[in-house]
Every structure is written in structure tokens, then in C-alpha cells.
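Below is one structure; the comments refer to it alone.
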Amino acid sequence: NGKVDVWAYARGELLFHKRSGVEYPKAVRDRAPHWVLNSVGLDGIPSRVPVTLVIRVEGNSIGYPPYFHLTARSPEQPFYHQIFQFNTSFNVFMFGAALIIFIYHLLQFLYMRERVILWFVLWLGFCTLTQAMTVGLLIGDISRFRLPVQIAISNGVFYTFWFFGRAYVGSRQKFPVLDRFIKGLALLTLAEIITVVAYVIVFDPQAYFTAVGWHYPFLLVYTLGSLGLAIALVLKRDAFARYFGIGTLVGGLGLLVGIFWSMGLINLRFLGVDPYATGIFLQLLIYSL
């Protein structure tokens, strides 16, 4: 939840007003346990006296509606349900795998200083930060501008991916016409992300599960364009182009499923895994090899 306020009254008097929620600064939140739990202390409540609790819950700026399942816990049993219940172990595994691969290639770049590895490291960096957010890291430490940060990081994988692809394939030298489309798609995506981030900061629109304005429809167009470029690369008589094209097809299909999921067009509860993370994981394996 974005903000949680709890008032306690007894004998007609206010006992306390305590706050929790990720969009209150840490200094204002009543208790330190993991930000997902929205916990407040019940110290100071008198015994054997009826106490009225008034609770106000506000959804967060990323677009998740207000929700709570109210429980009272003793200090000896604060965590009798899983803190990360909104995640799956797959996302935790993905974050660890992405972090390890990122560190390895960062060290490789520092040693070899090759441009293609630099773009790969930048793409890996966005992948790692995105997976960190899926397991509650980073995004839980930001009280303001959470949605712009989420958009900037999670969508950074799209344009850095194609800049990496240009360097990997050498499309500027080998396929100058196709390279214009690749560069154009990357720059158009970067411009759209900057526009959406600025729009969110200035106008503070109401998001719906991270969806804001035209962003997801644009990502659908981006995905279709990526799949078209992937097919064009696969058809080239070049080993690097074919290899990158295959990886792009794999990741693009995962992205396509994820966007349909984010737009509410399909339900993936039966699948049990994050389609975005699945596509990225397969691409990490392909390009690392």
C-alpha cells in the first residue's frame, strides 16, 4: 500500500495516530519491518478497555489499489506468513542469476574495453535492476517518484537491447539499411520512455498496475517491430545476425505474452512464472554463451 494511517481511540480520547506504507518516508513510518507488511505497533493501548481503531488505506502510485488483510501479532510471532508472498521463487532466482552475469561481464568489460561488451553490460544492468524491483528491492526504498523510476528502469532494457544488438551483429557495416530501422526503433523507444516519465512527473496521472496512458500499446508496437527485425536478422547469411535474431525472437515472444498480461487481455495465473522474466532469462543464457 502507498499510505496507511491508523488512529486509536479509547474513552473518547485519541491514543495515537501512526503511519505506515511505502510512500511515507521511512522516518515517518511507525515500525521498521519489511515495507510490504504495513505494520504499526500497538504499544500504549490500555488493557481491559474497549479501543476503537480507525484505519485508512491508500493505494500506491504504481497503480496497485488499496488492500489489507488485518492481523494482530505478538512480538514473538511477527512473521507467521511469508513476507514475499507477492513474489515467486523464480523471480528471486532471476535476480540472483542476472546479478552474477552482470558482475561477470562488467569485469570482462573493464579488462577488454570492447564496445559490444559495454552495451551488453548496460542492458544487463537494467535487467538486474528490474529483477531487483520484482523481489521488493530498490522500489521499496523510494517514497516519491516511484512510478517514474519504475518506468525508467524496467523499460531501459528495450533500447539498450537494440544498441547491444547493433554492436554485436555489426549491422552498421554489414546491413546499413536494416541498421537504420534498428537504430530508429531504439531511439524511438528511448524518446517514448523519456516522454512518459516526464508526463508522469508533471501531471501525476492515475496508473493502473503500472499502466499509464499509451505506454503499453506503444510497447506492443515495439514488440511487433522487434519480432519483424528478428525475422529479418534470422534470414541473413551471417552467423552473428542469425544468432542475435534467434535470441530476439525468444525474448520478443516472452515480451508479447507479458504485454498482453499487463494490458489485462490474458490471465497467466495458471502459468506460475513471470513472462517478462522468463524471456529475459532465456536471452541471458543465449547471449552469455
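Just so we're clear, the structure is a prediction, and the values are computed from it rather than from any experiment.
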**Request:** Not counting sequence neighbours, which residues clear side chain to side chain contact (heavy atoms under 4.5 Å, CB included) with Lys236? List them please.
**Result:** Phe175, Leu178, Ala241
**Request:** Go through the side-chain N and O atoms of Tyr276 and Ser262 and say whether any donor and acceptor fall under 3.5 Å apart.
**Result:** yes
**Message:** Would the distance check show the side chain of Asp204 and the main-chain N or O of Ile201 forming a donor-acceptor pair, the cut-off being under 3.5 Å?
**Reply:** no
**Asked** Do Tyr64 and Tyr208 have their ring centres less than 6.0 Å from each other?
**Response** no
**Message:** Over 60° means perpendicular and under 30° means parallel, so tell me whether Tyr243 and Tyr287 are parallel, tilted or perpendicular.
**Reply:** perpendicular
**Item:** Test item: side-chain donor near acceptor, Trp162 and Ser226, under 3.5 Å
**Value:** yes
**Prompt:** Would you call the rings of Phe164 and Phe120 parallel, tilted or perpendicular if under 30° counts as parallel and over 60° as perpendicular?
**Reply:** tilted
**Asked** Is it true that the side chains of Glu23 and Ser61 contain a donor and an acceptor less than 3.5 Å apart?
**Response** yes
**Asked** How are the rings of Phe163 and Tyr159 set relative to one another: parallel (under 30°), tilted (30 to 60°) or perpendicular (over 60°)?
**Response** perpendicular
**Prompt:** Sub-3.5 Å donor-acceptor pair from the side chain of Asn1 to the main-chain atoms of Tyr67, do we have one?
**Reply:** yes
**Request:** On the 0 to 90° scale, with breaks at 30° and 60°, tag the Phe240-Tyr168 ring pair as parallel, tilted or perpendicular.
**Result:** perpendicular
**Item:** Listed partners of Arg19 passing salt bridge (Lys or Arg N to Asp or Glu O under 4.0 Å), at least two apart
**Value:** Asp5
Quiz: residues 39-47 side-chain donor-acceptor pairs under 3.5 angstrom, not counting sequence neighbours:
residue, atom, partner, partner atom, Å
Ser39, OG, Arg31, NH1, 3.3
Asp43, OD1, Lys18, NZ, 3.2

**Check against side chain to side chain contact (heavy atoms under 4.5 Å, CB included), Phe218 and Leu188** = CA-CA 10 Å; Phe218 174 85; Leu188 180 63; 4.1 Å; yes
